[in-house]
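Data block below; observations after.
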Amino acid sequence: MVRPSPAGELDAVALETALLETWKNEQTFQQSIDSNRTGAPFIFLEGPPTANGKPGIHHVVARAYKDLVCRWKTMEGFLVERKGGWDTHGLPVEIEVQKRLDLMSNEAIEQFGMQAFNDACRESVWTYESAWREMTERMAYWVDLDNPYVTLHNDYVESCWWALKQMFDKDLLYRGHKVLPYCPQTGTSYSSHEVALGYKEVEEPSVYVKFKLVDDDASILAWTTTPWTLPGNVGLAVGPDVTYARCRVREEPEGWQGRGGASVGEELILAKDLMGEVLRHHVDIIEEIQGSELVGKSYEPLFPDAVPRGDSSTAWTVLSADWVTTTDGTGVVHTAVMYGEDDYNLGMEVGLPAYHTVSMEGNFVNGVHPELDGRYVKSCDDTVMDILIGRSETIASGLLYREKSYLHDYPHCWRTDHPLLYYAMDSWFVRMTAVKERLLEFNDGVEWAPDWVGEGRFGEWLRNVKDWAISRERYWGTPLPVWRDEDGNMKCIGSIQELQTEVAKANEAGFENPECPDDVDLHRPVVDAFTLVSENGKPMHREPFVMDCWFDSGCAPFAQWHHPFDENKTFDASFPVDYICEGVDQTRGWFYTLLAVSTTVFDSPAYKRCLSLGLILDAEGKKMSKSRGNIVDPWDHFNREGADATRWYMVTAGAPWNPLKFDSNGVRETYAKMFLTLWNVYRFHADYAALDQFDPASSTSSYEQRSRLDRWILSKLHTTAKAYHDGFTNWNFHKACRELEDFIVNDLSNWYVRRSRRRLWDEAESGDKLACQHTLHEILVTLCRLIAPVSPFMVDTIHRNLTGETVHTAAWPLGTPGSTEGATADAWDEDLAAATAQLPPHDAGLEHEMELVRELAETGRRIRIDAQRRQRLPCAEGWIVAGPNLEPYHDLLCEELNVENISVETDLDRFQQVELAVNFRALAPRAKGDVNAIAGQIKNHSDQEALLSDIRSGSCTIMGVDILESDVEVRRAEREGYAAATITVGENDEASHVSLVLDMQDTPHLLSKGLARDITRRIQSKRKDMNLDIEAMIDVEVWLHDAPELFEEDQAWIAKETRASGIVFSLESAPSDTESFDVDGAQIAYRVLNV
RNA sequence: GCGCGGGUGGCUUAGUCGGUUAGAGCACCCGGCUGAUAACCGGGAGGUCGCAGGUUCAAGUCCUGCCUCGCGCACCA
């Protein structure tokens, strides 16, 4: 037997913290999982956050959506286990530690000691773990934080090694170069994110250089903003479809600034479109040439000693590249293989020599040019130009055509402020280009929310997929498990055991290695210390890289289970996962790396559904970020409105994939509107249920015993729950929740409870009271279950008090498909018809009628305001004109409208008149341009009734167009001169027009009733001011000196309503120590005494 | 520069297939109602639906261009 106890005032924060304690004690989370042990699994994968930053409100949003779906699926009977995870490797961790220890270069780190540095990283990773844990628990994100996967753990790293070996064995892993922004000062290359931090506008010299053709007395002009790359030039790229011009210098230009030039008669080749931009000389065009015709021509190297030709046949020739444009420069791109990404790719494609002319320290290497060797490249711009000008007799005959300063954004080291160099680094790659088709295929099978992220942003990315540069020249990360000897022979190690075997083998071959125990630390520098042996007996050293930390997280689906070393079953049953959810910024991050790893390792997709969340912006619309300092602390809201309101606000503020402007005021509004209202509805029910010892289990109230109001709210609940569920299955959580909130505030609180209040005041047992209590009970229990996935606190308190059980192991009101035999999580979108069978009966007619009744009640208030008649003064009669039969609601309407009697007027024309409006959709196709004129004529026609009958008889033609009955809509409006209003119910063809008319005549009887209402209201208000108990009796005195007559029955009614045991009405003047008020000009005085 | 998504009263936003008077909430003003809650009801003020063209009888909605914000990519000779 469950009897609710009284609810009391709401203190959301206290309620939530108390529940957290209860959940901990009862292990409610675990229970909710255990109770579904036999259910079909629904696999969720947690994207691991990094705990070396403080959690902000934007993290709460992501966790709210993760939690919502997991809780919902759990209630649907699925087994939803949620393993937590932590991302613990990577550059951010290193940078944090570098800052703290003031180690701003690789050299400094190595001096400090790699082991000590990595120890510091290992520790730093957990800086904010407790903050994360507290936030996670407080917001009630249910995830297993006690057994999380951690990317730095040996088991995890070992799985990553295993995955790499799979790739290696499939020849998907290779060693090459990648051109990266590189800082010679810190010896570090940067990820795009860091590069973005350091863009600065700088003015630098750019140069136009002449490249002399070998078998032709002409030069090709090329432009570069980085003169330091010119010694490395090995090719010139032209657009095959670009038109070039061969011009001969006719005469000297008028003005010439800077160095460089050309002699009269000299021939230059450049894009025709850019001649005006580039050339300063007067020239004659000798010939127009297609780019493709230039391809293959040889030219003389600028710095003949800088780069050896090797076996390249294409070095120092003109090459074709379709990305060459004529938007700037000369339409010819100087190509230095090692110092530009396009250059490098082109060089690899056509076989240009790949030699560095610049060292890792940023200096020219020896042998480039006597005046440059050993110098820092960025300070050599002038020297390079001088060399190009050379020792020629005139500047004009040198190789420099022109110099020109150039203003552009250039990346700088965000730590040292030095310009970065694009520099080809040794690097390891995953051959993603080889599996592109599979990636696209797998992506097609993913259900994306919103779909345009998958098809658009992500699909675009995949269609342009490039090989994944997965190695980093760093210290703190999963080490690349590849060992290599001097001849380039390689071994990829896929497990600790394999490492031990290889170490033993090497030791046998005579190498000395440290111990390699079972729990060997799979990090640098420990693994660096092992020397393995190659087939031909040579020492193999580990490639000195760590993995991109995104590789780690991409391995999460299997590495979290230490696959394939442990628990194979867990992995097999949980891959691919059913659901992941992260911010849209993970598109190229985790969403990609998961798919990249699963495709290359398992030839499988990694996830079936992906919810991609919009960014969280601050109130000004700026992205929340640490550097801006605009991060909202979730605790500001947890400690004020509570986690329920915060979560509900997040979900209702907009579509999950849209950017969310986080508005603190919105959380407050959600609290006041949604949760306070829900609580008060619950409180109303619980207080009376407690008073009456109501027990839902030991009494019943059949559907037939329920009042129309009960059946209406039950039907409304049916409709709302169905739409809510439908919203969930379509990812429209925001629409679902808004609709539910509207139901609670509008339908439940403002109409059902308001209209039902008196039913529960009845102190005697009655079938009607019981019907109301059962109805409230059912509504509240269902609501709790619907709300629980989104905001799990208050509804649990309510559910527990009403049913004795937690809501979190309760069944979803629309069924539990997860617990049916043979179910799978793929059945996201179950049979709605079957699901709604579990809800209370739906009655569309009833909903429609009640909508009309409510509108009529509101209309009555409007009529009174127009007629300046106060609400409490009754009207003798109200007429309802037209519309459906509302007979059963007349009592209700009498109360709402404050009229003595309601009657139905069947003679429509007594209060209504016809108004015609054009149905544009029907008439416009025939009337074309005249449609508006015709509409005007119809609307302004002086006799609408006559016009209508003309139309009906087919004898109406306006402006040559026959007007048919289907061309017009017939509307009815109230006639002028009555205290009346007309409303429209329904839409289009179904629309009906109902008028309400109120009788404005006063009688002594009505005035007396109105007066009684006013007096009652004053006394009630006084009772409230005096803080009297609802049950308390009072004594009342009233002075009605110049008031209308107050009949005896109304006097008695006042006494009853106000619970007055003694009441005295006097016609004398009131004493001075009384309170008084005004009713239609009469002063009424009164006094209330506590008995 | 390229791609994606936005721009609707002071603020947050809804707006389906192009259709008649652009709908709500917050805040504001006036009035009402209340043993009904930080509530509720009625009314009011507040909108060139980013700008400019175009298609159409009809455009917040479709098309083109531009401006602007956010994000991603590229910043490159």
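Below, chain A is the first sequence line, B the second, and so on; all start at residue 1.
Distance OH/A/Y671 to CG/A/D644: 10.5 Å, rounded to 0.5 Å.
Taking the C1' atoms as reference points, B/rG43 lies 26 Å from B/rU48, given to the whole Å. B/rC51 and B/rC67 have their P atoms separated by 15 Å, given to the nearest Å. Straight-line distance between the P atoms of B/rG70 and B/rC63: roughly 25 Å, to the nearest whole Å. Only the C1' atoms considered, B/rA22 is 29 Å distant from B/rA39, to the nearest whole Å. Separating the C1' atom of B/rA38 from that of B/rC30 is a span of 22 Å, rounded to the nearest Å. For B/rA24 and B/rC40, the P atoms lie 15 Å apart once the distance is rounded to whole Å. Between the C1' atoms of B/rU37 and B/rG46, the separation comes to 29 Å (whole Å). One P atom belongs to B/rU12, the other to B/rG7, and the distance between them is 12 Å to the nearest Å.
Among the heavy atoms of the strands lying under 4.0 Å from A/Y671 is at least one base atom, whether or not backbone atoms are also near. Among the protein residues, A/Q1020 comes within range of the nucleic acid bases, having at least one heavy atom under 4.0 Å from a base atom. Heavy atoms of A/D663 sit nowhere under 4.0 angstrom from any nucleic acid atom. A/R854 comes within 4.0 angstrom of nothing in the nucleic acid, heavy atoms only. No contact: A/R683 has no heavy atom under 4.0 Å from any strand. Across all strands shown, A/L615 has heavy atoms under 4.0 Å from sugar-phosphate atoms exclusively, and none from any base.
The nucleotide whose nearest atom lies closest to any side-chain atom of A/T225 is, among B/rA77, B/rC76, B/rG35, B/rA77. Comparing atom distances between the A/K735 side chain and each of B/rC71, B/rU37, B/rG15 picks out B/rG15 as nearest. You'll find that the side chain of A/T677 is closest to B/rU37, out of B/rG32, B/rC41, B/rU37. Comparing B/rC57, B/rG35, B/rU20 by their closest approach to the side chain of A/V931 singles out B/rC57. Counting only heavy atoms from C-beta on, A/R870 has its side chain closest to B/rC33 among B/rC33, B/rG25, B/rC76. Checking B/rG19, B/rG25, B/rU37 against every side-chain atom of A/A924, the shortest atom distance belongs to B/rG19. The A/R861 side chain lies nearest to B/rC41 when the options are B/rU37, B/rC41, B/rG35. Here B/rC76 is the nucleotide among B/rU37, B/rA38, B/rC76 with the atom lying nearest to any side-chain atom of A/Y422. Looking at the side chain of A/S749, the nearest of the listed nucleotides B/rU37, B/rA38, B/rG42 is B/rU37.
Two residues, A/V918 and A/V324, neighbour RNA chain B, and the one matched to the more 5' nucleotide by heavy-atom proximity is A/V918. Residue A/V681 is the one, among A/N750 and A/V681, whose nearest nucleotide of RNA chain B lies closer to the 5' end (criterion: closest heavy atom).
A/R738 places its CZ atom 15 Å from the P atom of B/rA24, with the value rounded to the nearest Å. As a whole-Å value, the separation of A/D742 CG from B/rC26 C1' is 16 Å. Straight-line distance from the CZ atom of A/R463 to the P atom of B/rC73: 17 Å, rounded to whole Å. Here B/rC76 presents its C1' atom at 14 Å from CG of A/L346, a figure rounded to the nearest Å. Between the P atom of B/rA38 and the CZ atom of A/F675 lies a distance of 17 Å, rounded to the nearest Å. Distance A/Y682 OH to B/rU37 C1': 16 Å, rounded to the nearest Å. The separation between A/F920 atom CZ and B/rU56 atom P is 18 Å, rounded to whole Å. To the nearest angstrom, P of B/rA39 lies 19 Å from CH2 of A/W679.
For A/Y339 and A/Y423, the distance between ring centers is under 6.0 angstrom. Between A/F458 and A/W461, the gap from one ring centroid to the other reaches at least 6.0 Å. Less than 6.0 angstrom separates the ring centroid of A/Y1086 from the ring centroid of A/F1077.
Figure legend. B/rU20 is base-paired to no nucleotide; pairs are counted as Watson-Crick or G-U wobble with both atom distances under 3.5 Å. Pair assignment for B/rC66: B/rG50, on the basis of Watson-Crick or G-U wobble contacts that are both within less than 3.5 Å. When both pairing distances are held under 3.5 Å, B/rU55 makes no Watson-Crick or G-U pair with any nucleotide shown. B/rC2 is paired with B/rG72 under the Watson-Crick or G-U wobble criterion, all donor-acceptor distances under 3.5 Å. Partner assigned to B/rA14 is none, using Watson-Crick or G-U wobble distances below 3.5 angstrom.
For B/rC73, the OP1/OP2 oxygens have no side-chain nitrogen or oxygen of A/K466 closer than 4.0 Å.
With hydrogens and angles left out, the side-chain atoms of A/S206 and A/W223 include a donor and acceptor closer than 3.5 Å.
Side chain of A/N233 to backbone of A/H334: no donor-acceptor contact under 3.5 angstrom is found. Checking side-chain atoms of A/E669 against main-chain N and O of A/M674 turns up no donor-acceptor pair under 3.5 Å.
Shown here is A/R926, whose CZ atom has more than 12 heavy atoms of other residues, nucleotides or ligands within 6.0 Å.
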